[in-house]
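Here is the structure we will look at, set down as structure tokens.
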2 protein chains.
Amino acid sequence: MPIKKRITIKQVASEASVSTQTVSRVINNRPDVAPETRQRVEEVVERLGYHPSALARSLIQQHSYTLGVVTAGLKYIGPSRTLNGIAQQTEAMGYSLLLKELPRFDANDFEPLLQSLLARQVDGVIWAVPQIGANRYWLKEHVPHLPIPIMFLTMEPQPGISIVSIDNYQGGRLATKHLLEQGYRRIGHISGPLDWWEARERKRAWENTLLEAGLPVEECQSVEGNWSSSSSDRAFRQLLDQFPGLDAVFVGNDQMALSVYAIASARGIRIPQDLGVVGFDGIPESAYYWPALTTIDQNQHELGCNAISELVYMIETSEHGKKEVEPRVIILQPELIIRESSPRRPI
Amino acid sequence: MPIKKRITIKQVASEASVSTQTVSRVINNRPDVAPETRQRVEEVVERLGYHPSALARSLIQQHSYTLGVVTAGLKYIGPSRTLNGIAQQTEAMGYSLLLKELPRFDANDFEPLLQSLLARQVDGVIWAVPQIGANRYWLKEHVPHLPIPIMFLTMEPQPGISIVSIDNYQGGRLATKHLLEQGYRRIGHISGPLDWWEARERKRAWENTLLEAGLPVEECQSVEGNWSSSSSDRAFRQLLDQFPGLDAVFVGNDQMALSVYAIASARGIRIPQDLGVVGFDGIPESAYYWPALTTIDQNQHELGCNAISELVYMIETSEHGKKEVEPRVIILQPELIIRESSPRRPI
DNA sequence: CTGAAAGCGCTAACAC
DNA sequence: GTGTTAGCGCTTTCAG
């Protein structure tokens with residue numbers, strides 16, 4: 001039961017007529033306490049509503065059981081789903097979470113952020129900000145000097161860095177191959193913003209898959225969006241104008257696919273009869289687009305979970321074994337979900 | 001620059017040939033330091049890459065400059081947008097954020113959660129979990145005994161409790177009145193899950209507004225969903241079956257409106273010619289439904305910002321003035337966004 | 001202006 | 001089994 005004033009270990013000790021050390025042993029479940037002493041102490045702890053200060057404990061043990069997470073764009077569903085996994089797994093592993101959100105995706109003043117986490121003695125850090133532009137420039141120089149493990153999400157593998165990522169290239173490949181297999185031939189692409197690594201990977205996969213199938217890929221065949229529905233509103237109209245004969249489009253995410261649907265409806269282009277569509281992300285809503293959207297499901301929740309498991313593993317082995325843990329790279333595979341927006345094309 | 005080993009104030013002191021107090025004064029910008037001493041210390045701080053331990057500081061000052069936030073359902077966009085506001089405002093006010101996510105919306109084992117926050121000496125708590133079922137039962141008994149301020153989001157005002165909420169009743173009223181004004185008369189409702197306070201408020205507003213307009217409200221005129229698109233898939237079909245002559249529907253949130261669109265399309269019901277639709281939430285995507293969705297915009301980001309400003313105010317005045325701050329209730333007003341799904345009905 | 005001593009709440013290491 | 005001593009890294013108090 002929460003109480004108005006904070007009780008200290010001293011008060012418990014004096015109330016139970018033992019030393020603080022004994023109280024400490026009881027609350028930490030150490031063996032060397034006489035059963036009746038233990039019981040007496042426990043009774044006092046209960047009665048006073050005593051709860052040990054994690055702060056004091058962290059200070060002396062040099063171990064806070066707290067993880068720092070740096071994120072960006074929580075107002076979007078992707079980062080939130082990842083954070084959801086992170087929070088859940090952190091809790092499950094008995095740690096707490098200190099949250100920092102970057103004001104912008106491409107903010108790159110990593111230093112004060114990292115310091116504020118280090119000042120609070122976090123045991124490890126998850127850098128859950130996607131790789132954009134040059135926002136990873138500091139890795140090479142600074143990561144090796146950090147006193148604690150740091151785990152990066154969603155970025156290009158790099159020697160010496162621990163990373164958990166989703167295979168965006170493979171996702172783009174699955175999407176494009178699916179469209180090819182269904183008989184589409186003039187396949188356009190609405191990409192995410194190309195300063196994002198993920199957007200580039202998806203586009204690169206689309207391009208290579210077409211080329212490997214012996215199809216030409218022209219400049220006018222793809223347009224850049226910025227992940228938002230409103231951006232693809234413009235992008236899709238441009239694509240229609242500049243690439244005649246379009247029979248399918250691979251859209252960089254499900255939000256952008258939504259306005260592809262809207263523009264198509266407004267222009268009398270029927271999906272899927274006149275135009276096949278494949279999205280990316282697998283947001284729950286995409287199953288209720290009409291027609292239901294074929295998409296690439298990326299499990300961002302699991303991404304977060306994996307990152308934490310791995311990070312905690314790094315923390316705990318580097319403590320025990322005293323030797324540094326080898327940086328590890330984990331790549332999760334996305335999945336193709338076939339729905340109604342990409343049926344086999346009649347010959 | 002981050003450094004491998006942690007530097008302590010002692011090392012800085014000895015390196016600069018001063019006492020630790022002097023170093024302390026310098027890093028806290030206290031006045032009583034000779035300019036040249038200050039400069040010498042600053043130089044050493046810089047050279048060694050010293051950063052004070054927030055932990056040790058919190059311990060002695062009994063003030064951690066950290067806020068605890070308890071949230072739930074981060075995989076949904078609503079809670080994330082709120083957390084976004086919370087994180088941003090917390091940062092802006094110079095605090096850090098300790099994040100806890102409930103495994104389920106209706107989890108009500110508040111006790112261990114609160115204790116784990118208190119153990120880390122948070123200066124205040126934001127309870128950002130919506131009011132559902134009896135998950136507020138503990139307030140009356142426990143809140144008055146908490147040693148720190150606690151701020152609740154999204155719940156029914158209650159004496160003695162600090163709350164920031166959005167006026168869901170007013171939102172439901174705006175939506176329903178709009179449909180009435182546009183000439184719709186047989187207006188159905190797909191509600192959120194009715195153990196949610198927000199869902200009940202929206203429904204109550206819909207019902208009262210119809211009654212005040214002299215229209216009957218029958219049992220068969222509304223169906224309960226669970227906020228997800230899939231739930232309203234079922235709910236809307238049921239509504240169509242059980243309430244003939246439906247000419248408009250007020251849907252509890254924008255996600256559920258999405259499958260109303262899908263079912264309508266599949267059944268040849270034209271929106272808006274045959275059916276007017278109004279949603280709730282104002283998610284960015286709703287502007288790209290086809291036709292664009294009229295909805296009630298609730299600014300959840302601002303909700304989070306307000307909650308933090310208020311909480312920090314409570315913390316800082318209760319410290320200075322030593323007297324408890326009066327609990328405050330802040331109600332934010334949602335806004336009607338008129339788009340294309342609810343045109344004036346031809347007579 | 002500066003330093004010495006005390007202590008925040010807890011635990012590690014050692015005595016008894 | 002249990003208590004004592006020391007100290008995590010910092011700030012407060014008070015003396016000079």
Side-chain angles (χ1 to χ4, degrees), chain A residues 3 5-42 44-45 48-66 115-116 118-123 147 319, chain B residues 3 5-42 44-45 48-66 115-116 118-123 147 319:
Chain A
I3 27 55
K5 264 212 56 59
R6 226 178 281 280
I7 307 293
T8 72
I9 199 171
K10 260 191 193 160
Q11 299 171 49
V12 175
S14 94
E15 188 79 8
S17 315
V18 292
S19 71
T20 60
Q21 197 42 234
T22 302
V23 177
S24 172
R25 286 196 263 260
V26 170
I27 60 183
N28 290 293
N29 269 314
R30 297 292 167 71
D32 326 357
V33 183
E36 55 185 42
T37 311
R38 160 161 285 143
Q39 177 155 6
R40 185 155 37 97
V41 171
E42 277 170 345
V44 174
V45 164
L48 263 45
Y50 166 71
H51 292 274
S53 158
L55 227 53
R57 215 175 241 175
S58 302
L59 187 59
I60 189 133
Q61 297 188 150
Q62 302 289 67
H63 191 333
S64 65
Y65 287 100
T66 299
Q115 285 305 343
S116 100
L118 289 174
R120 282 184 166 73
Q121 219 89 314
V122 296
D123 298 331
E319 251 156 33
Chain B
I3 27 55
K5 263 212 57 61
R6 227 177 279 282
I7 306 294
T8 72
I9 198 171
K10 259 192 196 160
Q11 299 171 48
V12 175
S14 93
E15 188 78 9
S17 314
V18 292
S19 71
T20 59
Q21 320 337 313
T22 303
V23 178
S24 173
R25 284 182 193 114
V26 171
I27 60 182
N28 290 295
N29 269 314
R30 297 291 168 72
D32 325 358
V33 183
E36 53 185 44
T37 311
R38 161 160 284 142
Q39 176 155 6
R40 183 155 39 97
V41 172
E42 276 169 347
V44 174
V45 164
L48 263 45
Y50 166 71
H51 292 273
S53 157
L55 228 53
R57 215 174 239 176
S58 302
L59 188 59
I60 191 137
Q61 298 189 148
Q62 302 289 66
H63 192 335
S64 64
Y65 286 99
T66 299
Q115 284 306 343
S116 98
L118 289 174
R120 282 184 165 75
Q121 221 88 313
V122 296
D123 297 331
E319 250 155 34

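Just so we're on the same page: letters track the sequence lines, and every chain starts at 1. These values consider heavy atoms only, across backbone and side chains, with no hydrogens, waters or symmetry-generated copies.
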Tell me what B:Arg38 touches on the nucleic acid: a base, only sugar-phosphate, or nothing, going by heavy atoms under 4.0 Å.
nothing

Output yes when a side-chain donor or acceptor of [X] lies under 3.5 Å from a complementary backbone atom of [Y], and no otherwise.
X       : Y        : result
A:Thr20 : A:Ile9   : no
A:Arg25 : A:Arg30  : no
A:Arg6  : B:Pro147 : no

For [N] and [X] - does any side-chain N or O of the residue sit under 4.0 Å from the phosphate oxygens OP1/OP2?
X       : N      : result
B:Ser24 : D:dT11 : yes
A:Thr37 : D:dT2  : yes
B:Lys10 : D:dC8  : yes

Apply side-chain contact (heavy atoms from CB on, under 4.5 Å) to residues A:Ser58 and A:Leu55 and explain how you reach the verdict.
CA-CA 5 Å; A:Ser58 302; A:Leu55 227 53; 5.7 Å; no

What are the two closest heavy atoms between B:Tyr65 and B:Asp123, and how far apart are they?
N-OD2, 2.6 Å

Scanning both residues in full, the closest heavy-atom pair of B:Val23 with B:Ala13 reads CG2-CA, 3.7 Å

Which atoms of nucleotides 13-16 of chain D (N or O only) lie under 3.5 Å from a protein N or O atom, and what are those distances?
none

Between [X] ([atom1]) and [N] ([atom2]), how many Å, whole number?
X        : N      : atom1 : atom2 : value
A:Gln121 : D:dC8  : CD    : P     : 13 Å
A:Leu118 : D:dC10 : CG    : C1'   : 17 Å
B:Gln11  : D:dG9  : CD    : P     : 8 Å
A:Ile9   : D:dT2  : CD1   : C1'   : 14 Å

Test item: side-chain donor near acceptor, A:Arg120 and B:Thr66, under 3.5 Å:
yes

May I ask you to test the A:Arg57-A:Asn28 pair for a side-chain heavy-atom distance under 4.5 Å?
yes

Going by number, which of residues 53-65 of chain A have a non-hydrogen atom under 4.0 Å from DNA chain D?
A:Leu59, A:Ile60, A:Gln62

Does B:Gln39 CD have over 12 foreign heavy atoms under 6.0 Å away?
no

For a 4.0 angstrom threshold against heavy atoms of chain A, report the outermost contacting nucleotides of DNA chain C in 5' to 3' order.
C:dC8 to C:dA13

Any chance you could lay out the side-chain contact (heavy atoms from CB on, under 4.5 Å) test for B:Val45 and B:Val26, step after step, and finish with the verdict?
CA-CA 10 Å; B:Val45 164; B:Val26 171; 5.7 Å; no

Before you tell me yes or no, could you show the steps for B:Glu15 and B:Ile7 under side-chain contact (heavy atoms from CB on, under 4.5 Å), namely the whole-Å CA-CA distance, both residues' side-chain angles and the distance that decides it to 0.1 Å?
CA-CA 11 Å; B:Glu15 188 78 9; B:Ile7 306 294; over 6 Å; no

